[in-house]
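Everything below concerns the one structure shown next.
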Number of protein chains: 2
Amino acid sequence: MIECETPQDECGVRDALDRLGDKWSVYVVVELSPGTKRFKELQRAIPGNISQRMLTLTVRRLERDGLVKRTVYPTVPPKVEYELTELGRSLTHLVKALADWSIAHRPAIAASRAAWDAAHADGAHADGAHADGA
Amino acid sequence: MIECETPQDECGVRDALDRLGDKWSVYVVVELSPGTKRFKELQRAIPGNISQRMLTLTVRRLERDGLVKRTVYPTVPPKVEYELTELGRSLTHLVKALADWSIAHRPAIAASRAAWDAAHADGAHADGAHADGA
DNA sequence: CTGTATCCACAATGATACTG
DNA sequence: CAGTATCATTGTGGATACAG
């Protein structure tokens, strides 16, 4: 059961979601969980072709929040390494739980979607009515 | 440590995030976790003044995914009740874990942000985070 | 009361070019 | 290689009017 002592303050759930709800933050955490990676490595590792701009923004935000540590080697050419902090690693646990849930229930969700789409096919005015790809 | 067997397929984390990453889905799950609620009740219960449009869209998506059950009473005036399904309740645990993490580490994150902002306010960066320049 | 359809504002993302 | 700046595009959310 979820308790909200301060509904006006959005009870803390929003906090975590805002931090992970963007398109790439989770992937950065995931790809950094095995260990340190350089900027370019991170970019290549993340699925979906993240742009330099978005990787920079995402990684900066995570650094600001203390989830990621950024180490600059003032060499030529430049070399920057990223790694999870303690805080970041504590999140990894949670992200994994989320992934596990998603994987475990994906079939059920796919079935539900298919059923919903079938039941609403006659009206045909709902939003994204597409079959899943799982 | 998070394993991704199919990096190209976005390894399942994206799935869960896409489902909860929008602005309101989590709140619907939270407010429904104590029990059944009507449309208007849900709208009033959710912090942040969700519009009819967004509540409808959010609730429809959750229904399609099988997280929420929608019951229509063909009366006048209409009455529609929403409740979590088994699947939805299984998510509740996860959402709570997320909230707990957020609450537990909020001070640390706030401190990190303050430090980051201070270090980047004037353009100067007295970061001790660097290695040798070899 | 519940829900749909339109129009509009803004934030997030992506593509590209340029700099150190 | 790493990062910034700019511009175009998209998606998401909000306000409102209308319908069952």
Side-chain angles (χ1 to χ4, degrees), chain A residues 10 14 17-28 32 36-64 68-83 116 120 122-130, chain B residues 10 14 17-28 36-64 68-83 116 120 123 125 127 129-131 133-134:
Chain A
E10 307 188 349
R14 168 74 69 220
L17 263 303
D18 281 353
R19 187 143 26 249
L20 298 174
D22 59 81
K23 194 168 182 180
W24 301 109
S25 291
V26 166
Y27 282 130
V28 171
L32 246 32
T36 299
K37 274 194 176 64
R38 297 183 55 173
F39 186 89
K40 199 80 176 181
E41 286 181 297
L42 209 42
Q43 187 176 25
R44 279 195 305 264
I46 292 175
N49 292 319
I50 184 174
S51 62
Q52 287 180 352
R53 169 187 154 79
M54 288 316 297
L55 182 53
T56 299
L57 286 178
T58 302
V59 124
R60 281 286 183 286
R61 233 171 295 158
L62 293 172
E63 186 198 6
R64 188 169 99 102
V68 162
K69 176 160 169 283
R70 177 168 172 267
T71 307
V72 180
Y73 298 83
T75 63
V76 154
K79 176 181 173 183
V80 181
E81 286 188 341
Y82 295 92
E83 63 182 312
W116 195 95
H120 292 251
D122 55 329
H125 48 51
D127 66 330
H130 304 302
Chain B
E10 307 187 350
R14 169 73 68 218
L17 264 301
D18 281 351
R19 187 143 24 247
L20 299 175
D22 59 81
K23 194 168 181 181
W24 302 109
S25 291
V26 166
Y27 282 130
V28 170
T36 299
K37 274 194 175 66
R38 297 182 56 173
F39 187 88
K40 199 83 176 180
E41 286 181 297
L42 209 42
Q43 189 176 22
R44 279 194 306 262
I46 292 174
N49 293 318
I50 183 173
S51 63
Q52 287 182 352
R53 168 189 153 81
M54 289 317 297
L55 181 54
T56 299
L57 286 177
T58 303
V59 126
R60 280 285 182 288
R61 247 178 314 220
L62 293 173
E63 186 197 6
R64 188 167 99 102
V68 163
K69 177 160 169 284
R70 177 169 172 266
T71 308
V72 181
Y73 298 83
T75 62
V76 160
K79 176 180 172 185
V80 182
E81 286 186 343
Y82 296 92
E83 62 182 316
W116 196 94
H120 290 253
H125 37 283
D127 61 342
H130 70 283

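Throughout, a chain's letter reflects where its sequence line sits, starting with A, and its residues are numbered from 1. Small disclaimer: the values here were computed from a predicted structure and weren't measured.
The listed nucleotides are D:dA2, C:dG3, C:dA5; the one nearest the side chain of A:Arg38 is D:dA2.
Per the geometry, CE belonging to B:Met54 stands 11 Å off P belonging to D:dA15, to the nearest Å. Between B:Lys79 atom NZ and C:dC1 atom C1' there is a gap of 11 Å when expressed in whole angstrom units. If you measure from atom CD1 of B:Ile50 to atom C1' of C:dG3, you get 14 Å, rounded to the nearest angstrom. Distance NE2 (B:His120) to P (D:dT4): 10 Å, rounded to an integer number of Å. Here the P atom of nucleotide D:dT12 and the CZ atom of B:Arg61 are 7 Å apart, to the nearest Å. One interatomic measurement links the two molecules: CD of A:Gln52 to P of D:dA5, which rounds to 14 Å at whole-angstrom precision. Atom pair B:Arg53:CZ and C:dC7:C1' shows a separation of 10 Å (rounding to whole Å applied). Look at CD on A:Gln43: it is 10 Å from P on D:dC1, rounded to the nearest Å.
Here A:Arg60 reaches the OP1 or OP2 of D:dT4: one of its side-chain N or O atoms lies under 4.0 Å away. Of the side-chain N and O atoms in B:Lys23, one or more sit less than 4.0 angstrom from OP1 or OP2 of D:dG14. Remark: B:Tyr82 is not in phosphate contact with C:dC1, judged by side-chain N or O atoms under 4.0 Å from OP1 or OP2.
Of all heavy-atom pairs spanning B:Ser25 and B:Leu20, the tightest one is CB-CA, 4.3 Å.
Aromatic ring orientation, B:His120 versus B:Trp116: parallel (interplanar angle below 30°, classes split at 30° and 60°).
Both A:Pro78 and A:Thr56 lie near DNA chain D, and the one whose nearest nucleotide falls closer to the 5' end is A:Pro78. For the pair A:Trp24 and A:Pro77, nearest-nucleotide mapping onto DNA chain C gives the more 5' position to A:Trp24.
Note that the CG atom of B:Asp22 and the CG atom of A:Leu17 stand 8.5 Å from one another [nearest 0.5 Å]. With rounding to the nearest 0.5 angstrom, the CZ atom of A:Arg38 is 12.5 Å from the CD atom of A:Gln43.
Among the protein residues, A:Asn49 comes within range of no part of the nucleic acid, since none of its heavy atoms lies under 4.0 Å from any strand.
When atom types are taken as modelled, the side chain of A:Glu83 and the backbone of A:Leu32 share no donor-acceptor pair closer than 3.5 angstrom.
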